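First up is the structure itself, then whatever we jot down about it.
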There are 2 protein chains.
Amino acid sequence: MISVAIIDDHKILTEGLVNLIDESGIATVIGVAHSATDCRLSLGFWKPDVLLLDVGLPDVSGVDFCKEVKAQFPKINVLALTTHNEYAIVRQMLDNGASGYLVKNAMADEVLAGIEAVAAGRTFLCHEIDLLMKRPSSKNIWLSPRERELLRLISEGLTNGEIAEQIFLSPETIKGYRKNLLLKLGAKNTAVLVKMAVEQKLI
Amino acid sequence: MISVAIIDDHKILTEGLVNLIDESGIATVIGVAHSATDCRLSLGFWKPDVLLLDVGLPDVSGVDFCKEVKAQFPKINVLALTTHNEYAIVRQMLDNGASGYLVKNAMADEVLAGIEAVAAGRTFLCHEIDLLMKRPSSKNIWLSPRERELLRLISEGLTNGEIAEQIFLSPETIKGYRKNLLLKLGAKNTAVLVKMAVEQKLI
DNA sequence: AATTAAACCCCCCCTTTGGGGGGTAAGTAC
DNA sequence: GTACTTACCCCCCAAAGGGGGGGTTTAATT
């Protein structure tokens, strides 16, 4: 029997999930938390095989929390369960050690299949995310850490000069990054750049 | 007994909701749809007292769908149930005829209280949204239709000249709107303006 | 009926920033 | 060895944005 812990702030959803999993016969829910803080207190005690993790937690980002969990309990297999279907989020979760990724409108059987797969040490992506990750790479934008930092500063409204001051570079270098970001994202100008950054959760 | 229809693409959530409502004794679920298209086909037949409506539907915006439903079936009381906690979304839903608004991490009893209230013709906001709507109005930004249109065009990367051409105004007028938007949203420049627009769902 | 508020529209001047076009070069990961 | 990241530099001009100044129409409040 696979032991599962759930962390999600949507109480109605977790209730449904507990039912679904407990009645499946393949797994059993040994704990539910509604925030990362709650979870931290109990996780070491629960020691679940699989952790169903929402990305939109109220207190910390699920992306960061995944990293934290994997660092502390490498044996726990994290299965992301979220509404986000953006490449950047999936990619970050997987990079941070998640074993699988489900979108919340997935079918119930995909949840069970995902739990089984990650418990067995395999990776699992639900159908929608599998398609997403296999798209032509031109649509799946990935930025270097430095580029993400620049994009964040640009989105906050800093000018090239202000950014240069803040990260100790020449304004000309910042300009270079800016050009590159526009090119990479295919954005016409800063407005589109920022829109894409927020919409695609690049920052 | 209050009759309730649910429209939400998160299948696990709807299952939980059906249980919750049916077991409450105050209401009964007479139909579930996973998209607006599905719902349109059945709504006239179901004729529910209350429609639990998700805003993030896969096919159309819940905001638009609410308007559509209220136009066709004014007697159905729409209760929004969604993850969005942005002022602009709540405001639009209420303007489009919704009787209540719940965020998805609300407690189960708030869902039932909401159903009871809107079925009785009252309006209902869950605690979190009630607080949100009562914030000092400086934090709850509301734009005129024209301003929203301008903001949309700016976010799409059009220059003042291009916008002027498209909506048959002088570029100077566009400039005026731009200034006003920056002032109204307290944004330093276009980058911040666009970021706020996307994050606060103003467009 | 008069006032007010808000949305809506237009014009001037001026400075800073953004963005298009070229480059170069070190470090490191595959 | 070659591809990627990070880092830096030049010129040029169109656009954004800060500061003024006008004005109309429409709806609500007094």
Side-chain angles (χ1 to χ4, degrees), chain A residues 87-88 91-92 94-95 136-138 140-198 202-203, chain B residues 87-88 91-92 95 136-198 202-203:
Chain A
Y87 177 82
R91 174 78 185 258
Q92 278 182 80
L94 297 179
D95 283 356
S137 59
S138 60
N140 287 343
I141 292 149
W142 192 237
L143 303 177
S144 72
R146 198 56 151 178
E147 285 173 326
R148 260 201 301 286
E149 189 184 7
L150 266 288
L151 190 48
R152 204 170 36 78
L153 293 167
I154 291 168
S155 302
E156 282 166 12
L158 302 200
T159 65
N160 291 336
E162 288 165 344
I163 296 173
E165 226 172 68
Q166 192 161 330
I167 62 175
F168 308 107
L169 290 179
S170 144
E172 282 303 320
T173 305
I174 311 300
K175 211 168 161 183
Y177 273 103
R178 219 176 182 126
K179 267 199 281 193
N180 233 286
L181 282 167
L182 289 170
L183 191 69
K184 215 162 177 175
L185 303 206
K188 188 191 172 195
N189 53 28
T190 304
V192 178
L193 190 68
V194 172
K195 190 173 173 237
M196 293 179 75
V198 181
L202 299 172
I203 50 170
Chain B
Y87 177 82
R91 175 78 185 258
Q92 278 182 81
D95 284 356
S137 59
S138 61
K139 297 192 83 177
N140 286 342
I141 292 148
W142 191 239
L143 304 177
S144 73
R146 197 55 150 179
E147 285 173 324
R148 258 201 303 284
E149 188 184 5
L150 265 290
L151 189 48
R152 205 173 32 81
L153 293 167
I154 291 168
S155 302
E156 282 166 12
L158 303 200
T159 65
N160 290 336
E162 287 164 345
I163 295 173
E165 226 172 65
Q166 192 161 330
I167 62 175
F168 307 108
L169 289 179
S170 144
E172 282 300 323
T173 305
I174 310 302
K175 212 168 159 181
Y177 273 103
R178 220 176 180 126
K179 263 199 282 195
N180 231 283
L181 282 167
L182 289 171
L183 191 69
K184 215 162 174 175
L185 302 206
K188 190 191 170 195
N189 54 26
T190 304
V192 178
L193 191 67
V194 172
K195 189 170 174 240
M196 292 178 75
V198 181
L202 299 172
I203 48 170

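Note that the structure is predicted; figures quoted are calculated from it, not measured.
Annotation: side chain of B:Q92 is not in contact with side chain of B:Y87 (no heavy-atom distance under 4.5 Å). Side-chain contact between B:I174 and B:I167 is present, with at least one heavy-atom pair separated by less than 4.5 Å.
We find that CD of A:E149 is positioned 16 Å from P of D:dT5, with the value rounded to whole Å. Taking atom NZ of A:K188 as the reference point, atom P of C:dG19 lies 10 Å away to the nearest angstrom. Atom P of nucleotide C:dG18 and atom CG of B:N189 are separated by 7 Å, given to the nearest angstrom. Distance CG (B:L182) to C1' (D:dA15): 14 Å, rounded to an integer number of Å. Going from atom CG of B:L181 over to atom C1' of D:dG17 covers 13 Å, rounded to whole Å. When rounded to the nearest whole Å, the span between CG of A:N180 and P of C:dG21 equals 14 Å.
Atom CD1 of residue A:I154 and atom CD1 of residue A:I163 lie 5.0 Å apart, to the nearest 0.5 angstrom. Summarising the geometry, atom CG belonging to A:L185 is positioned 6.0 Å from atom CG belonging to A:L202; distances are rounded to the nearest 0.5 Å.
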**OP:** Go along nucleotides 7-12 of chain C 5' to 3' and tag each nucleotide: B for a protein heavy atom under 4.0 Å from its base, S when only backbone or sugar atoms are that close, - otherwise.
**Re:** SSSBSB
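In this view, B:K175 satisfies the salt bridge (Lys or Arg N to Asp or Glu O under 4.0 Å) rule with no residue, not counting sequence neighbours. In this structure, the side chain to side chain contact (heavy atoms under 4.5 Å, CB included) partners of B:K184, at least two apart in sequence or on a different chain, are B:L143, B:E147. In this structure, the side chain to side chain donor-acceptor pair (under 3.5 Å) partners of B:N140, at least two apart in sequence or on a different chain, are B:R135. The salt bridge (Lys or Arg N to Asp or Glu O under 4.0 Å) search around A:R148 returns none, not counting sequence neighbours. Applying the side chain to side chain donor-acceptor pair (under 3.5 Å) criterion to A:E149, with sequence neighbours excluded, gives A:R146. Judged as a salt bridge (Lys or Arg N to Asp or Glu O under 4.0 Å), and not counting sequence neighbours, B:R178 has no contacts.
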Pairs: protein N or O with nucleotides 27-30 of chain C N or O, under 3.5 Å:
none

For residues 189-197 of chain A, which side-chain N or O atoms pair as donor and acceptor with protein atoms under 3.5 Å away, sequence neighbours left out?
| unit_1 | atom_1 | unit_2 | atom_2 | d |
| --- | --- | --- | --- | --- |
| A:N189 | OD1 | A:A191 | N | 3.3 |
| A:N189 | OD1 | A:V192 | N | 3.3 |
| A:N189 | ND2 | B:G157 | O | 2.8 |

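Residues from residues 151-163 of chain A placing a heavy atom under 4.0 Å of any atom in DNA chain D do not occur.
With B:S155 contributing its side chain and B:L151 its backbone, the two residues share a donor-acceptor pair below 3.5 Å.
Pairs engaging residues 150-164 of chain A under the salt bridge (Lys or Arg N to Asp or Glu O under 4.0 Å) rule: A:R152-A:E156, A:E162-B:K188 [sequence neighbours left out].
In the helix from C:dA1-D:dT30 to C:dC30-D:dG1, the terminal helix axes, each the rotation mapping four pairs' C1' atoms onto the next four within five end pairs, subtend 60°, rounded to 10°.
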